[in-house]
Amino acid sequence: MIYLCPICGEWCEYYSHGHSSYWLQAINQVRVKDPTIIDEWNSVLIPPAPKLKPVTVDPKTTALLVLDMETTICKSPRCVASIVKIKELLSEAREMGMLVVYSLTPMGSPSDIAGQISPSKVDPIVKSDVDKFYQTNLEQILQNHGIKTVLITGFAANGAVLHTATSSAFRGYNVIVPVDGMSANNPYAEQYTAWHMLNSPGTRNRATLTKINMIGF
């Protein structure tokens with residue numbers, strides 16, 4: 001067994017520097033000149049799973065974002081399964097009088113949104129690519145309602161959820177992501193999104209991961 005030091009970048013036969021939890025491990029690692037992350041791909045250790053936290057939100061200053069839940073793209077079992085969870089959260093949000101904002105992909109229309117979680121006549125809808133602030137009035141909508149926190153759900157975790165959550169954090173909003181309310185076509189994309197939210201310099205100080213049944217009002 002040999003190890004790659006994340007500080008000096010050298011392969012050696014023992015741990016050093018006190019960073020053992022971040023070492024890359026391999027058996028009979030072929031020495032590659034100037035190795036890249038692609039060369040090291042199969043030897044990277046998966047980081048520990050993040051802890052989900054219970055949260056209490058103020059309905060007056062919190063908005064629920066339902067992103068790109070269009071039947072034309074929400075076809076994978078993971079996305080379809082998330083509809084029930086989002087519906088549960090949506091029902092509670094409506095009961096509490098929270099602002100609910102929907103988004104569409106550039107080619108989507110309101111009729112494409114899954115019927116179980118379809119928007120009401122008064123719910124704002126924005127249309128953009130993965131960052132739902134881009135060339136839309138989403139920020140103005142949130143400001144007009146005095147929103148300080150966004151609850152972000154939808155598809156895809158590594159698309160609209162990740163980029164809109166990051167863009168929200170950049171704008172000073174607190175971001176809550178219920179992991180059972182986001183989905184992607186494969187588990188790795190969801191896993192990466194969860195890791196990114198808590199580790200990226202742009203989001204880690206404003207993001208919280210939770211589950212829908214851990215959200216209180």
Participant: So which pairs with a foot in residues 108-172 pass disulfide bond (SG atoms under 2.5 Å apart), sequence neighbours left out?
Facilitator: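 Not a single pair qualifies under disulfide bond (SG atoms under 2.5 Å apart).
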Participant: Does Thr71 reach the main-chain N or O of Ala114 with its side chain, forming a donor-acceptor pair under 3.5 Å?
Facilitator: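 A pair under 3.5 Å: no.
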Participant: Please list, chain by chain and in numerical order, all residues satisfying salt bridge (Lys or Arg N to Asp or Glu O under 4.0 Å) with Arg206, sequence neighbours excluded.
Facilitator: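 Testing Arg206 for salt bridge (Lys or Arg N to Asp or Glu O under 4.0 Å), a comparison that skips the adjacent residues, returns none.
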Participant: Which residue pairs satisfy the salt bridge (charged side-chain N to carboxylate O under 4.0 Å, His left out) criterion with at least one member in residues 149-162, sequence neighbours excluded?
Facilitator: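 Of all non-adjacent pairs touching residues 149-162, none passes salt bridge (charged side-chain N to carboxylate O under 4.0 Å, His left out).
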Participant: Strictly by disulfide bond (SG atoms under 2.5 Å apart), give each pair with a member in residues 36-95 just once, sequence neighbours left out.
Facilitator: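 Every disulfide bond (SG atoms under 2.5 Å apart) pair that includes a residue of residues 36-95, provided the two are not neighbours, is Cys74-Cys79.
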Participant: Do any side-chain atoms of residues 160-169 form donor-acceptor pairs under 3.5 angstrom with protein atoms, and if so which ones, sequence neighbours left out?
Facilitator:
unit_1	atom_1	unit_2	atom_2	d
Thr164	OG1	Val130	O	3.1
Thr164	OG1	Lys132	N	3.2
Thr164	OG1	Ala160	O	2.8
Thr166	OG1	Leu162	O	2.8
Ser167	OG	Asp131	OD1	3.3
Ser167	OG	Asp131	OD2	3.2
Ser167	OG	Arg171	NH1	2.3
Ser168	OG	Thr164	O	2.8

Participant: What pairs of residues pass the disulfide bond (SG atoms under 2.5 Å apart) test when at least one of them lies in residues 159-209, not counting sequence neighbours?
Facilitator: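 Residue pairs passing disulfide bond (SG atoms under 2.5 Å apart), neighbours aside: none found.
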Participant: Could you list the donor-acceptor pairs under 3.5 angstrom formed between side-chain atoms of residues 142-149 and any protein atom two or more places apart in sequence or on another chain?
Facilitator:
unit_1	atom_1	unit_2	atom_2	d
Asn144	OD1	Gln140	NE2	2.8
Asn144	ND2	Gln140	O	3.3
His145	ND1	Ile141	O	3.0

Participant: Begin with the C-alpha distance, continue with both residues' side-chain angles, and end with the deciding distance and a verdict on side-chain contact (heavy atoms from CB on, under 4.5 Å) for Thr210 and Lys53.
Facilitator: CA-CA 5 Å; Thr210 189; Lys53 296 182 178 180; 5.6 Å; no
Participant: Filter on disulfide bond (SG atoms under 2.5 Å apart), then keep only pairs touching residues 188-217, sequence neighbours left out; what's left?
Facilitator: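 Found none.
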Participant: Which residues, ordered by chain and number, are linked to Val84 in its hydrophobic cluster, where ILVMFWY side chains connect at heavy-atom gaps below 4.5 Å, directly or through other members?
Facilitator: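 Grouped by the 4.5 Å side-chain rule, Val84 forms a cluster of one, so the answer is none.
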Participant: Is a donor from one side chain sitting under 3.5 angstrom from an acceptor on the other, for Ser109 and Ser111?
Facilitator: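 On atom types as modelled, these side chains qualify, holding a pair under 3.5 Å.
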Participant: Just how far is it from atom OG of Ser103 to atom CD1 of Ile113, taken to the nearest 0.5 Å?
Facilitator: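 Reported value, rounded in 0.5 Å steps: 7.5 Å.
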Participant: Is it true that atom CD1 of Ile46 has more than 12 heavy atoms of other residues, nucleotides or ligands lying nearer than 6.0 Å?
Facilitator: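 No - once you tally the heavy atoms of other residues, nucleotides and ligands closer than 6.0 Å, there are 12 at most.
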Participant: Just jot down the salt bridge (Lys or Arg N to Asp or Glu O under 4.0 Å) partners of Glu88, sequence neighbours excluded, or say none.
Facilitator: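 Result, salt bridge (Lys or Arg N to Asp or Glu O under 4.0 Å) vs Glu88: none returned.
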Participant: Strictly by salt bridge (charged side-chain N to carboxylate O under 4.0 Å, His left out), give each pair with a member in residues 111-129 just once, sequence neighbours left out.
Facilitator: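 Output for this query lists Arg94-Asp123.
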Participant: Show the nearest heavy-atom pair for residues Ser183 and Glu190, with the distance to one decimal.
Facilitator: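 Nearest pair, atom of Ser183 first, then Glu190: CA-OE2, 3.5 Å.
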Participant: Sequence neighbours excluded and cut-off under 3.5 Å, please list the side-chain donor-acceptor pairs for residues 58-67, or say none.
Facilitator:
unit_1	atom_1	unit_2	atom_2	d
Asp58	OD1	Lys60	N	3.0
Thr62	OG1	Asp58	O	2.8

Participant: Find out whether Phe155 and Asn185 are in side-chain contact, i.e. whether some heavy atom of one side chain is under 4.5 Å from a heavy atom of the other.
Facilitator: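 They are in contact (side-chain heavy atoms under 4.5 Å apart), so the answer is yes.
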